[in-house]
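Quick one: the structure is below, questions incoming.
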Amino acid sequence: MNILWSSMLLLGIAYGALQGRIPEVTDGVIQASREAVVLAVSLVGVTGFWAGLMEIAKKAGVIDGLVKRMGPVMRFLFPEVPEDHPAMRAAGMNMICNVFGLGAAATPPGLAAMERFEELEEERRKMKNPAAVPEGTANREMCTFLILNISSLQLIPVNIIAYRSQYGSVHPTAIVGPALAATAASTIAAVVFCKVMERMGR
């Protein structure tokens, strides 16, 4: 993909040079670079604000409370993982961050959840569990968690709202309804798929 984008960029510059429009190409590069910097700074501010709120909520015990309330959902999604296993807490925190559109804040607990699922699989291998997968292979919980992350139900798509606001949208939050509907549909499809694969023993 990077090679494709680089090729397109070089072809565009070469075409501009052949047409004698190098000044326009240069102006376009400068303008695009300026917009990229402004957008990046805006996103840092918005993401920092929401990530800060999540950190305050975590220290106040709100996140742990939400994770506990997610117990029935987590047991449904990961029926073979012990309820008090650290993987459940990390996965729950990741899902909560994703629901609020905080991809950056969701990354650390997401990585922690994958590590805990791998530790769980290592325990299964040591106990000679026939359902254990070979080392270096993603187990069912890891696959389910990854699929749910990709589908990612979102109540507040923070980054998209920031993009729309930066580019002058009159109603930047108008995306909330369609985003919720789309991500709800993708998440339902993901859960159904995971459960079908679970019943098939895959």
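All residue numbers in this chain count up from 1 along the given sequence. What you see below is based on every heavy atom in this structure, not just the backbone, and it leaves out hydrogens, waters and symmetry mates.
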(Q) Minimum heavy-atom separation for Arg69 and Pro72, please, with both atom names. (A)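 That would be O-CD, 3.5 Å.
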Q: Treat each ILVMFWY residue as a node, draw an edge where side-chain heavy atoms are under 4.5 Å apart, and state whether Val73 and Phe117 are in one component.
A: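 Val73 clusters together with Phe117.
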Q.
Show the nearest heavy-atom pair for residues Met74 and Ala91, with the distance to one decimal.
A.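 Residues Met74 and Ala91, closest heavy atoms: CE-CB, 3.6 Å.
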(Q) So Glu122 and Arg125, do their side chains get closer than 4.5 Å, heavy atoms only? (A)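 In short, these two side chains touch, coming nearer than 4.5 Å.
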Q) So do the side chains of Met95 and Phe145 get within less than 4.5 Å of each other, counting heavy atoms only? A)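 Heavy-atom side-chain distance check passes, below 4.5 Å.
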Q) Between the main-chain N or O of Ala184 and the side-chain N or O of Thr187, is there a donor-acceptor pair closer than 3.5 Å? A)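 Flag not set: sc Thr187 to bb Ala184 has no pair under 3.5 Å.
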Q: For Gln154 and Ala179, indicate whether the former's side chain and the latter's backbone hold a donor-acceptor pair under 3.5 Å.
A: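 No; judged by distance alone, with no hydrogens or angles, the pair does not exist.
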Q: Show your working on salt bridge (Lys or Arg N to Asp or Glu O under 4.0 Å) between Glu141 and Arg116 and close with a plain yes or no.
A: CA-CA 10 Å; Glu141 289 82 14; Arg116 300 296 177 269; over 6 Å; no
**Q.** Distance (rounded to the nearest 0.5 Å) between Leu111 CG and Asn94 CG
**A.**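 Here the interatomic distance stands at 8.5 Å.
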**Q.** Side chain to side chain, Phe76 and Lys195, heavy atoms closer than 4.5 Å
**A.**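 With C-beta onward as the side chain, the pair touches.
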Q.
Please determine whether residues Met70 and Val62 belong to a single hydrophobic cluster, defined as Ile, Leu, Val, Met, Phe, Trp and Tyr linked transitively by side-chain heavy-atom distances below 4.5 Å.
A.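 Same cluster.
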(Q) According to a hydrophobic-cluster definition based on side-chain heavy atoms being under 4.5 Å apart (Ile, Leu, Val, Met, Phe, Trp, Tyr only), do Leu146 and Ile188 belong together? (A)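 In one cluster with Leu146: Ile188, no.
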Q: Flag the pair Thr183 / Ser152 as yes when at least one side-chain heavy-atom distance between them is below 4.5 Å, and no otherwise.
A: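 Thr183 does not reach Ser152 side chain to side chain.
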Q) Are the side chains of Arg140 and Cys194 in touch, meaning some heavy atoms are under 4.5 Å apart? A)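 The answer is no; the side chains never approach within 4.5 Å.
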(Q) Within this structure, what is the CG-OG distance for the pair Asn98 and Ser151, rounded to the nearest 0.5 Å? (A)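 If we round to the nearest 0.5 Å, Asn98:CG and Ser151:OG are 9.0 Å apart.
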Q: Output the distance between atom CG (Leu153) and atom OG (Ser186), rounded to the nearest 0.5 Å.
A: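 The distance works out to 7.5 Å.
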Q. What's the spacing between Thr144 OG1 and Glu198 CD if we round to 0.5 Å?
A.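 Those atoms lie 7.0 Å apart.
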Q) So which heavy atom on Leu120 is nearest to which on Pro82, and how close? A)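 Heavy-atom minimum between the residues: CD1-CD, 4.3 Å.
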Q | Atom of Leu148, atom of Ala190 and distance for their closest heavy-atom approach | A |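 Nearest heavy atoms, Leu148 then Ala190: CD2-CB, 4.3 Å.
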Q.
Give me the atom names and distance for the closest heavy-atom approach of Ala174 to Arg164.
A.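 Shortest heavy-atom separation between Ala174 and Arg164 comes out as CB-NH2, 3.9 Å.
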Q: Kindly indicate whether the side chain of Val67, heavy atoms from C-beta on, has any atom under 4.5 Å from the side chain of Met93.
A: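 Val67 vs Met93: side chains touch.
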Q: Without swapping roles, check the side chain of His171 against the backbone of Thr173 for a donor-acceptor pair under 3.5 Å.
A: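 Not confirmed, His171 side chain does not pair with Thr173 backbone.
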Q) So, do Glu80 and Asn139 sit near enough that their side-chain heavy atoms are less than 4.5 Å apart? A)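 Contact flag for Glu80/Asn139 side chains = no.
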(Q) Can you tell me how far apart CG (Leu180) and CD1 (Ile175) are? Round to the nearest 0.5 Å. (A)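 Rounded to the nearest 0.5 Å, the CG-CD1 separation comes to 11.0 Å.
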Q) Taking side chain as C-beta onward, heavy atoms only, is Glu83 less than 4.5 Å from Met88? A)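 No, every pair of side-chain atoms sits at 4.5 Å or beyond.
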Q.
Please tell me whether Val191 and Val99 are part of a single hydrophobic cluster in this structure, the criterion being side-chain heavy atoms less than 4.5 Å apart.
A.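 As far as the 4.5 Å side-chain criterion goes, Val99 and Val191 are connected within one cluster.
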Q) Distance from Met142 atom CE to Phe78 atom CZ, nearest 0.5 Å? A)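 Going from CE on Met142 over to CZ on Phe78, the span is 11.0 Å.
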